[in-house]
Every structure is written in C-alpha cells, then in structure tokens.
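Remarks on the structure that follows.
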2 protein chains.
Amino acid sequence: MMGQPTIIDIAERAGVSKSLVSLVLRGSPRVSEASRRLVLQAAAELGYRPNAMARSLVSRRTHVLGAVLSDLHNTFFAEVLDGIDGRARQAGYRTLLAAGHRSAARESEAIEALLELRTEGLVLAGPKVRSSRILEASRTVPVVVVSRAVRGDNVDCVLSADGVGAAAAVDHLVSLGHRRIAHIDGGTGAGAAARLRGYLRAMERHGLKAEIRWERGDFTEEAGAAAVDRLLARGRRPTAIFAANDLSALGALEALTRHGLAVPDDVSLVGYDNTALARLAHVNLTTIDQPRREMGIAAAELLLERIEGRRTSAKKLVLAPSLVVGRTTAPPHGRGRSD
Amino acid sequence: MMGQPTIIDIAERAGVSKSLVSLVLRGSPRVSEASRRLVLQAAAELGYRPNAMARSLVSRRTHVLGAVLSDLHNTFFAEVLDGIDGRARQAGYRTLLAAGHRSAARESEAIEALLELRTEGLVLAGPKVRSSRILEASRTVPVVVVSRAVRGDNVDCVLSADGVGAAAAVDHLVSLGHRRIAHIDGGTGAGAAARLRGYLRAMERHGLKAEIRWERGDFTEEAGAAAVDRLLARGRRPTAIFAANDLSALGALEALTRHGLAVPDDVSLVGYDNTALARLAHVNLTTIDQPRREMGIAAAELLLERIEGRRTSAKKLVLAPSLVVGRTTAPPHGRGRSD
DNA sequence: ATGAAAGCGCTAACAT
DNA sequence: ATGTTAGCGCTTTCAT
C-alpha cells in the first residue's frame with residue numbers, strides 16, 4: 001500500500017472483497033455483524049478516509065453545494081452562509097466556498113472551479129460578475145443569487161425588500177415628527193436603487209414630496225461624510241438623515257459631529273444593514289436589519305428543490321427586513337411645524 | 001450524450017481519439033494545428049467543462065489548497081486569505097474554503113470534507129479545534145496554521161509577534177510620557193497571552209514595574225467596557241490603556257466617555273489588530289497592525305514548499321506587526337511626575 | 001450475505 | 001502526430 005489507504009487495502013486486511021467493504025462503509029444493512037466489525041476495524045487501523053472524487057465519479061453525485069463569496073470582507077454574507085450550510089447539512093450536503101476577492105474575474109474563476117468540481121448547485125452571494133456569466137453557469141447547475149436580482153430559467157433569487165426597509169426607516173422618522181428627511185444613497189451598490197426608490201415613495205406617501213432631498217453616496221464612510229457636507233452647505237438643514245447603509249451612516253455621523261451637530265439631538269440618523277458597526281455600544285445606530293440567516297436557509301432550500309427535482313420554474317424570494325431602533329433617532333428639536 | 005459532455009463526446013464530434021482530445025485540452029505541443037483547432041472547436045460547441053474529479057483521480061493531483069476559516073465574521077482572515085489565494089494561483093493552485101462557523105465540531109467536519117476531496121494542503125485560519133485534530137490531519141497532508149502555535153512534524157505556523165506588537169504599544173505610550181499604563185487583556189483568546197506578556201516585559205524594561213496594572217477581558221466590547229469600570233473604581237486612574245484588541249478598545253472608549261473622560265485628553269488608548277473598526281474616521285484608533293496579506297502569502301508559500309517536496313522539517317514563521325498611530329494617543333495631561 | 005465484473009471521465013504509458 | 005490500453009478508487013449491477 002502506498003499513499004492513502006483505499007478500500008482494497010481494507011479488503012485485504014479484513015480478508016473480504018472490496019464490494020463488501022464498500023457496503024459496510026456506506027452502512028448497508030445487508031451485511032453480517034461479523035464482517036461489519038472486521039471491516040470497520042481494518043478501516044480504523046489503516047486510518048482510511050474515503051476518496052470523495054472516486055466516490056462521486058461513479059455515483060455521479062457529489063452532495064456538495066458551492067458558494068461563491070464576492071468579498072470576504074463583507075460580513076453580511078457570513079451569517080447568510082451559516083444559514084446555507086446549516087440547511088445543506090440537514091439535507092446531507094456539504095458546502096464548499098470559493099472567494100472572489102472583489103474582482104469579477106477572480107469571481108468568475110471561482111465559479112469555474114466549483115463547476116469543474118461538479119458541485120450540484122451554486123449560491124452566488126452578492127456576485128460582481130455579469131448576468132451573462134451567471135446564466136451560462138446556470139445551464140449546468142441550478143444557481144441561486146443572493147442580494148441581486150437576476151432573471152433566468154435556472155436562476156433563483158433571494159432578496160430582502162429594500163424598498164420596504166427604506167420605507168420603514170422613513171416611517172419611523174415621520175412617526176417621531178420629522179419632515180425634512182434627507183437620504184444619502186448607495187450609488188450603484190447592491191440594493192441602493194431600491195432603497196432610494198423606497199425613500200422617495202415613502203416621502204410622497206407621507207405628503208412630504210416637497211421635503212425630498214437626496215445626495216449621492218457609494219456605501220463608503222467617506223461618501224457619507226461628504227454627502228453631509230453638501231447637505232449642510234446649502235438649503236435648510238434636514239432634521240433627519242437616512243443613509244443607504246451603516247458605513248455611510250457612520251461617515252455621516254462623523255461629519256455631523258465635526259459640524260458641531262449632535263445626534264440625535266440636532267439630527268436623527270438611520271442606517272441600513274444592522275452590521276456589527278451599528279451595534280457598537282457607542283454607536284447604537286437605528287438601522288434596518290435584513291434576515292441574513294433566513295436568507296441563507298431560503299437560498300439552500302431553493303437549491304435543494306431544484307436538485308431534488310421538486311421545482312423547475314424560477315422563483316424569486318423576497319424576505320422582509322425589520323427596523324432596529326437605536327439611540328440615533330429622536331423627535332426633532334424644534335417641535336411642531338417649523339417650515 | 002447525456003449529462004455533461006465528456007472528452008469522448010468531443011472526440012466523436014471532432015473525429016479523433018479521446019487521447020488526442022486530452023492532449024489538446026492540456027495544451028500539449030505535440031499536436032498538429034489542424035487537430036487542435038478541430039478539438040477546441042468541438043469542445044466549445046459542446047460547452048465542455050473538464051471534470052476535475054476524473055482528472056484528479058488519475059493524475060493523483062488536485063492542485064487545490066484547502067483553507068478552513070473558523071469564523072467568517074472575523075474579517076482578519078479575509079485579507080490573509082487573499083494572500084493565500086494570490087500566491088496559490090501564481091503557483092497553479094486553486095484555493096477552496098470551508099467554514100467552521102465558530103464551532104469546533106463543524107470546523108472538524110470542514111477539515112474532513114477538504115481531506116476527502118484530497119486537497120494537497122490545508123491552511124487552518126485561527127482554528128478552534130484541538131491540536132490533536134490538527135496533528136491527525138497533518139498525517140495526510142501538510143498543514144499550515146495561521147494565528148496559533150501548533151507543534152507537529154508536518155505542521156507549519158504563521159504568526160505575528162504579538163509580544164513585539166504589545167511592546168510597541170507600550171513603547172509608544174512611554175515615549176509620549178505615560179507611566180501609568182494599564183492593560184486590558186484578551187483572556188484565553190488567540191494571541192492574548194503573548195500580548196499580556198509583551199506588555200508586562202515592556203513595562204519592566206521601562207522601569208515601570210510598579211505601574212503595572214491589568215484587567216481581564218475577552219476580546220469583546222462588553223469586557224473592554226467592564227474592565228475600564230473596574231480600572232476607574234479603585235486605585236489611581238491610569239493615563240493610558242492598552243487593550244488586547246480593537247473591539248475591546250472600543251468598549252473601553254465607550255466606558256471612558258461614559259465616565260466623562262476624554263480620549264486622548266484624559267486617557268490615551270491603544271488597540272490591537274487595526275481592524276476596519278479602528279479605521280473608522282470618528283474612531284481613528286492608535287493600534288497595532290498585523291501584516292495580514294503577507295501572512296497569507298507566507299502560509300501559501302510554506303504549503304507549497306511542502307507539497308513540492310522542498311522542505312520536510314517544521315517551520316514557524318513570525319512576522320513583525322507595526323504601530324499605527326491614530327488620534328487616541330497623546331501626551332498625558334498632568335505633564336511631569338505626578339506620582 | 002458476499003463476490004466478480006463493469007465502468008464513471010480522465011491521464012499516462014506505450015504503441016504505431 | 002495520433003491511437004490503444006490500462007487503470008485511478010470507488011459504486012453498482014448482477015451472480016452466487
């Protein structure tokens with residue numbers, strides 16, 4: 001025996017055929033207790049570890065789900081992945097990851113690697129690759145895209161309702177008495193457009209169309225701060241700001257402080273995503289929480305439905321976000337109509 | 001042809017043998033330009049994608065490195081992994097990840113999955129499993145452990161010098177004129193013991209043995225805040241605090257603020273790790289930076305040395321951390337000897 | 001209850 | 001330059 005032990009090595013040591021070894025190893029009930037013991041002991045003594053490739057090659061199943069993470073820095077997907085993996089394990093699947101490292105090219109290679117390994121389904125978490133690449137991959141295995149909408153027969157999506165979340169932010173501020181509510185958007189970032197639309201619609205719904213004011217951002221701290229600078233440079237100061245994500249909200253917070261404005265006394269502030277940043281004690285940001293783990297569980301479920309042939313038509317799942325009230329929102333200072 | 005196309009399908013379509021197809025696909029120079037074109041075109045038309053399992057089964061090489069991430073929430077390892085993957089790709093290897101989701105049991109299963117897939121080496125990033133599990137895995141493939149010291153013939157380690165980093169923090173504070181420098185440690189967390197030792201030794205080296213004071217923490221924000229509460233409850237107030245990581249430093253910051261103390265005017269504060277938290281504009285924490293990407297590159301390099309048979313003895317690589325000065329440190333208020 | 005034989009998709013000698 | 005043959009380690013009929 002050279003290299004890793006195989007079932008043939010076990011068979012020799014136990015004095016049985018390799019077929020029997022295979023049966024025992026897969027827990028077949030049609031084997032005598034004696035052989036079972038013999039085989040198991042031989043396997044243990046040899047330190048046997050099944051060769052997943054050989055096994056999958058013949059069984060034509062890998063029982064592996066592939067997940068591509070566009071950016072490991074984004075902890076949003078850590079919990080999503082926990083959900084995916086949890087559900088997958090329940091169903092007897094393993095989850096293998098490949099990282100895109102913020103580059104569409106590397107992400108595409110990650111997809112390729114997983115496909116060559118014959119993973120039975122693919123979850124793309126916040127993919128940066130073009131839709132055509134996703135559609136191409138979906139011709140081979142079912143694909144679920146998280147946090148981005150992609151249309152395709154073999155592509156399912158899991159999203160949270162960004163527009164609803166944005167509306168919840170506005171509703172909360174309005175219920176506190178705010179009217180001049182500005183928005184710092186997320187530019188071309190994932191979900192940014194829907195959040196902006198949600199803000200605009202909610203403002204109109206509250207009869208605050210005239211108070212609408214929004215500045216461009218890009219989900220970064222710097223952009224959040226710069227947007228506040230512009231917001232304060234001209235026009236009436238807003239009494240509340242809704243930023244498209246937590247990081248830009250922190251940038252806004254920093255800028256507001258720099259301008260000598262207190263949060264929430266002078267200006268209320270709402271973020272989006274309920275990241276670890278938002279939950280820092282000295283920040284305690286009011287924000288919108290996405291059901292990350294549930295999104296992961298749903299993604300795995302969609303994949304399993306396809307793999308097990310329970311569904312063939314595309315499905316788009318939209319989960320509801322929820323408001324998390326921190327200490328960055330309060331009633332506006334100058335109570336009553338000040339305009 | 002059913003299922004995914006194979007080289008036999010290509011061979012039929014191109015009217016050649018499957019060996020020729022294999023040669024072309026692997027870029028052999030011993031094929032005529034005509035056949036090459038024929039094969040490549042047939043492959044493209046069929047949407048052929050090599051079966052990595054079949055290929056690896058016979059070649060006995062996977063060209064895959066496995067990386068186990070104990071916790072995807074910890075972005076520390078995102079950059080480490082970027083380094084690993086970058087170096088691996090240079091050398092013609094792919095990197096596959098499996099997540100431990102903060103559980104030793106799940107981490108152990110992740111190791112198992114990668115081993116069954118016959119990855120040629122394993123990187124364990126901040127592993128939570130017992131050393132015995134790591135040693136066991138290392139009997140099959142070379143293992144590199146990042147951010148934890150593990151002894152074993154087939155186990156290499158990549159660490160950054162936590163003691164040196166801690167000393168740099170103390171040196172920085174002493175050079176500003178501080179003497180009463182307290183430490184909030186990280187309990188049983190990774191690197192915490194070395195950081196504490198580094199603090200203690202540096203204090204002694206500066207002749208400040210009498211000023212040594214440290215409180216227990218556990219790398220969390222809450223523990224950092226609680227430690228400050230205890231620090232301020234009795235004894236003379238320290239003029240500077242060195243926390244074992246950024247998160248507990250933020251907890252300390254929050255507590256100091258709550259006690260009406262300004263940072264750095266009343267108390268200077270130093271963290272450790274230079275996480276994204278530390279680099280928030282309104283935080284701008286003085287901290288110790290670990291060369292994450294370099295650590296990843298080194299980890300991959302160690303693995304490659306083993307895989308390619310260039311080395312057989314265990315190696316422990318210790319990289320140097322560096323001080324990042326933010327705005328949370330300044331000379332102490334009551335200048336001159338106040339004790 | 002166990003064994004023999006075939007073959008998964010591919011590479012790697014060894015022919016020619 | 002191309003084809004033939006023999007497996008890689010395993011599961012899966014099909015016998016017995």
Side-chain angles (χ1 to χ4, degrees), chain A residues 1-40 42-43 46-64 92 113 115-120 140, chain B residues 1-40 42-43 46-64 92 113 115-120 140:
Chain A
M1 174 189 91
M2 51 158 298
Q4 301 239 55
T6 72
I7 55 170
I8 297 191
D9 299 314
I10 299 178
E12 282 171 4
R13 182 174 254 256
V16 298
S17 75
K18 63 171 186 170
S19 317
L20 186 50
V21 174
S22 177
L23 286 175
V24 171
L25 258 26
R26 279 173 302 133
S28 163
R30 313 146 135 23
V31 286
S32 69
E33 200 40 44
S35 331
R36 152 164 287 115
R37 239 191 278 281
L38 224 54
V39 167
L40 255 23
L46 290 172
Y48 172 78
R49 174 145 32 219
N51 184 322
M53 299 179 302
R55 181 173 277 184
S56 300
L57 188 58
V58 52
S59 69
R60 300 166 142 288
R61 298 291 312 265
T62 58
H63 288 281
V64 169
L115 252 23
E116 290 186 5
L117 279 166
R118 299 297 189 262
T119 57
E120 299 187 25
T140 309
Chain B
M1 174 187 92
M2 52 158 297
Q4 301 239 53
T6 72
I7 55 170
I8 297 190
D9 300 315
I10 299 178
E12 282 172 3
R13 182 175 256 257
V16 298
S17 76
K18 64 171 187 170
S19 320
L20 222 199
V21 174
S22 177
L23 286 174
V24 170
L25 258 26
R26 281 175 297 136
S28 163
R30 310 144 136 27
V31 286
S32 69
E33 200 40 44
S35 327
R36 152 165 288 116
R37 239 190 277 282
L38 224 53
V39 168
L40 255 23
L46 290 171
Y48 172 78
R49 175 144 33 217
N51 183 322
M53 299 180 302
R55 180 174 276 183
S56 300
L57 188 58
V58 50
S59 69
R60 301 167 141 287
R61 298 290 313 264
T62 57
H63 288 282
V64 169
L115 253 22
E116 291 185 3
L117 279 167
R118 299 297 190 261
T119 57
E120 300 187 25
T140 309

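By convention in this document, chain letters (A, B, ...) are assigned in the order of the sequence lines, proteins followed by strands, and residues within each chain are numbered from 1. Because the structure is predicted, anything quoted here is derived from the model rather than measured.
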* To do: Taking atom types as modelled, find out whether A:Arg118 and A:Ser56 have a side-chain donor-acceptor pair closer than 3.5 angstrom.
  => no
d([atom1], [X]; [atom2], [N]) in whole Å:
X: A:Arg49; N: D:dG9; atom1: CZ; atom2: P; answer: 15 Å
X: B:Ile8; N: C:dC8; atom1: CD1; atom2: C1'; answer: 10 Å
X: A:Ile10; N: D:dT11; atom1: CD1; atom2: C1'; answer: 14 Å
X: B:Met53; N: D:dG9; atom1: CE; atom2: C1'; answer: 12 Å
X: B:Arg55; N: C:dC10; atom1: CZ; atom2: C1'; answer: 8 Å
X: B:Leu23; N: C:dA12; atom1: CG; atom2: P; answer: 10 Å
X: B:His63; N: C:dC10; atom1: NE2; atom2: P; answer: 16 Å
X: B:Leu117; N: D:dG9; atom1: CG; atom2: C1'; answer: 14 Å

* Where each residue is assigned the nucleotide of DNA chain D containing its nearest heavy atom, which of A:Leu25 and B:Ser32 is assigned the position nearer the 5′ end? -> B:Ser32
* Would you kindly compare B:Ala34 and A:Val58 by the position of their nearest DNA chain D nucleotide and give the one closer to the 5′ end? => B:Ala34
Contact under 4.0 Å: [X] side-chain N or O vs [N] OP1/OP2:
X: B:Ser19; N: D:dT4; result: no
X: A:Ser22; N: D:dC10; result: no
X: A:Arg60; N: C:dC8; result: no
X: B:Thr6; N: C:dG9; result: no
X: B:Ser35; N: D:dT2; result: yes
X: A:Arg26; N: D:dT12; result: yes

* Give, for atom CD of B:Glu116 and atom CD of A:Gln4, the distance between the pair rounded to the nearest 0.5 Å. => 10.0 Å
* To do: Verify side-chain contact (heavy atoms from CB on, under 4.5 Å) between B:Val31 and B:Leu20, making sure each step is shown before the conclusion.
  => CA-CA 8 Å; B:Val31 286; B:Leu20 222 199; 3.3 Å; yes
* Between B:Leu25 and B:Ile7, is a side-chain contact (heavy atoms from CB on, under 4.5 Å) present by the stated rule, with each step listed? -> CA-CA 9 Å; B:Leu25 258 26; B:Ile7 55 170; 3.8 Å; yes
* Structure fact -> Closest of D:dG3, D:dT11, C:dT11 to the B:Ser17 side chain is D:dG3
* Asked: Is A:Ile7 touching bases, backbone alone, or none of the nucleic acid, heavy atoms closer than 4.0 Å?
  -> base
* To do: Start with the C-alpha gap between B:Leu57 and A:Asn51, add the side-chain angles, then the distance that decides, and say whether side-chain contact (heavy atoms from CB on, under 4.5 Å) holds.
  => CA-CA 9 Å; B:Leu57 188 58; A:Asn51 184 322; 4.1 Å; yes
* Select from A:Lys18 and A:Arg30 the residue whose nearest nucleotide in DNA chain C is closer to the 5' end of that strand. => A:Arg30
